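Down below is the structure, laid out as structure tokens.
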There are 2 protein chains.
Amino acid sequence: MRRGRHSSAWKNVVLSRDQQFALKRAALLRQAARAFSAHGYHDTSLDDVAKTLGVTKAALYYYVKNKQEILFECHMQAQDLGETALQHSEQNGRSGRDKILLLATKYIELITSEMGSFAVLGEFDALDAENRTIIARRRDKFDRHFRKLVSDGIADGSIRAVDPKLTVFFFMGAINWMTRWFRPDGPLPGTDIARHFADLLDKAISASPAEPAAKAARSRASARA
Amino acid sequence: MRRGRHSSAWKNVVLSRDQQFALKRAALLRQAARAFSAHGYHDTSLDDVAKTLGVTKAALYYYVKNKQEILFECHMQAQDLGETALQHSEQNGRSGRDKILLLATKYIELITSEMGSFAVLGEFDALDAENRTIIARRRDKFDRHFRKLVSDGIADGSIRAVDPKLTVFFFMGAINWMTRWFRPDGPLPGTDIARHFADLLDKAISASPAEPAAKAARSRASARA
DNA sequence: CCGCTTTTTGACGACTTGGTCAAATTCGCC
DNA sequence: GGCGAATTTGACCAAGTCGTCAAAAAGCGG
């Protein structure tokens, strides 16, 4: 597994050592995220993780500094999902309400297809002091942005007068709790849940309860699902 | 642990040994619940719990069979809160919407004053197989009842056509997530949160968005807070 | 103050787990 | 085939934790 510098043509399909390394590391983080989400950080031994990967615990330390680093990286990946959804909503939404519904829909769609990494956010307390600060800062930034969408919506008249902070807590709770009941192989596809939850949120906060603009925003969102 | 059978009058103020026992055991469960909620079950050592009580770990085993029993009892206590709220809503509500809003309000008021015990519900996975089954059954029973309130509300016209299951998941998520951000000594009293969350839920699911009946239900609920 | 019961202690054993390291193995390449 | 670097292993240590037990301490009635 080297990079195919001057090797024959098909050697290029074979992965370089760097690629191998990255791939294996990613697989490690993936499995760890699943395990952490399923049994909790402290109740998941690295021996367990190694076993699911078909290697020895010692081998893991070739790809990662320690257990805490694994958890940290998982958190970062999970938070990326939220940031992606946020960008999506900023780019495609007009009013505050538009953006909020796009964010909600996109976010749920993303996490339902990446439950492993997402669910690890429940293990926030397992982060050590230093990492916890980093993750908390990033989470707070996300929260602030989300709240701003709400207050913007109130300002532009698309959202009724609600407390932005409590409203965001309210909805983020509904989303984060999904890690407890959502199963990728369950009866409900993520897109259905996204639609339904966005609808509940819409009715909960929109200024004009029967306005057709809401429909437009929702269909636009699900169109790019 | 004896009772004060034929002792002199003021001896009755002093607690019997049974009472002592019950009180100390309760205190143990209380502190344990706090610790479990704060650091997680697996990351809380019994030495820690014992230290906060000013005793030795070994002393705990006089009041409790093992660590797992502590967790189980905490879960039971936490679930009692939900059942209490449910009874309250059944007794004081008329329509499905009435009952749902009463349940939501009462439940939040209860848990915000008992965060320690409530937050332990987040440690569901730490239960061993046997206890997990028991707790899960009771939780499912609560969920079913809650869902029935929703479908009843749809039937009696007080709730719009929503998916009861998803709606309950949605709202229970919002509530359960409170363990992550609510602080008893924070700026917002539990009653405020209860009111605000109930309002969001109301708007999200009620059939007639501007109906005055909702106000009546809410004020009735907060009156008995 | 005595004697009996309740309560607490300190020391300890068994076990799990995170992390380390030198040695062994694998792999691409000349 | 054989060389050198990348990768993996097995053995091992140190730390932490649950749970136990005989013995000590505390509490209380007579």
Side-chain angles (χ1 to χ4, degrees), chain A residues 1-28 32 35-36 39-72 123 126-128 131, chain B residues 1-28 31-32 35-36 39-72 126-128 131:
Chain A
M1 10 168 148
R2 280 311 95 59
R3 54 249 88 210
R5 226 178 317 271
H6 45 46
S7 25
S8 62
W10 75 266
K11 271 289 181 61
N12 291 325
V13 259
V14 96
L15 302 89
S16 75
R17 261 176 165 159
D18 291 345
Q19 288 170 318
Q20 250 332 291
F21 185 90
L23 240 46
K24 288 190 181 176
R25 189 169 195 273
L28 157 53
F36 291 167
H39 319 294
Y41 177 76
H42 292 292
D43 203 25
T44 301
S45 76
L46 292 187
D47 280 309
D48 291 341
V49 176
K51 202 163 296 172
T52 71
L53 291 166
V55 288
T56 308
K57 178 181 63 173
L60 302 186
Y61 282 83
Y62 183 73
Y63 296 93
V64 98
K65 184 158 66 61
N66 55 25
K67 194 183 179 185
Q68 182 64 209
E69 183 183 278
I70 301 176
L71 181 64
F72 177 71
E123 293 297 309
L127 290 163
D128 65 23
N131 288 335
Chain B
M1 11 168 151
R2 283 306 92 61
R3 58 245 87 218
R5 226 174 318 269
H6 46 46
S7 26
S8 64
W10 76 267
K11 272 290 181 58
N12 292 326
V13 254
V14 94
L15 303 91
S16 75
R17 266 178 161 155
D18 288 346
Q19 291 171 315
Q20 278 285 339
F21 184 89
L23 240 47
K24 288 191 181 176
R25 188 169 196 274
L28 156 53
Q31 288 301 328
F36 290 167
H39 318 293
Y41 177 75
H42 293 292
D43 203 26
T44 302
S45 76
L46 292 186
D47 279 308
D48 291 342
V49 176
K51 202 163 295 172
T52 72
L53 290 166
V55 289
T56 308
K57 178 180 65 174
L60 303 186
Y61 282 83
Y62 183 70
Y63 296 93
V64 99
K65 183 159 64 65
N66 55 26
K67 194 182 180 186
Q68 182 63 210
E69 183 183 277
I70 301 176
L71 182 64
F72 177 71
L127 290 163
D128 66 22
N131 288 335

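The structure presented is a predicted model; accordingly, all values stated were derived computationally and were not measured. Note on naming: letters A, B, ... go to the chains in the order of the sequence lines (proteins, then strands), and numbering restarts at 1 for each one.
When rounded to the nearest whole Å, the span between NE2 of A:H42 and C1' of C:dG18 equals 13 Å. A:L60 has its CG atom 11 Å from the C1' atom of C:dG18, to the nearest Å. Spacing between atom CZ of A:R25 and atom P of D:dT7 amounts to 13 Å, rounded to whole angstrom units. Rounded to an integer number of Å, the gap from NZ of A:K67 to C1' of D:dG16 is 13 Å. The distance from atom CG of A:L71 to atom P of C:dG19 is 12 Å, rounded to the nearest whole Å. Atom OH of B:Y63 and atom C1' of C:dT8 are 8 Å apart (whole Å). The OH-P distance, from B:Y41 to D:dT17, rounds to 13 Å in whole Å. The CG-C1' distance, from B:D43 to C:dT17, rounds to 13 Å in whole Å.
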Give the intermediate values and the outcome of side chain to side chain contact (heavy atoms under 4.5 Å, CB included) for residues B:N131 and B:L71. CA-CA 9 Å; B:N131 288 335; B:L71 182 64; over 6 Å; no
Please evaluate residues A:E123 and A:K67 with respect to the criterion salt bridge (charged side-chain N to carboxylate O under 4.0 Å, His left out), reporting the C-alpha separation (whole Å), side-chain torsions for both, the decisive distance (0.1 Å), and the verdict. CA-CA 13 Å; A:E123 293 297 309; A:K67 194 183 179 185; over 6 Å; no
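Residues A:A27 and A:L53 approach most closely at O-CD2, 4.0 Å, considering heavy atoms.
Side-chain contact check for B:I70 versus B:F36: some heavy-atom pair is nearer than 4.5 Å.
Closest to the A:V55 side chain, of the nucleotides D:dC18, C:dT7, D:dT9, is D:dT9.
Side-chain N/O atoms of A:K24 include one lying less than 4.0 angstrom from OP1 or OP2 on D:dT8. For D:dT8, the OP1/OP2 oxygens have no side-chain nitrogen or oxygen of A:Y62 closer than 4.0 Å. Using a 4.0 Å cut-off, no side-chain N or O of A:Y61 falls inside it from OP1 or OP2 of C:dC21.
Atom CG of B:L46 is separated from atom NZ of B:K57 by 7.0 Å, given to the nearest 0.5 angstrom. To the nearest 0.5 angstrom, A:H39 atom NE2 is 10.0 Å from B:H42 atom NE2.
For B:Q68 (side chain) and B:D128 (main-chain N/O), a donor-acceptor pair under 3.5 Å exists by modelled atom type. A side-chain donor-acceptor contact under 3.5 Å links B:S45 to the backbone of B:D48.
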Protein-nucleotides 10-13 of chain C N/O pairs under 3.5 Å:
none

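Listed by residue number, A:L46 are the residues of residues 46-53 of chain A with a heavy-atom contact under 4.0 Å to DNA chain C.
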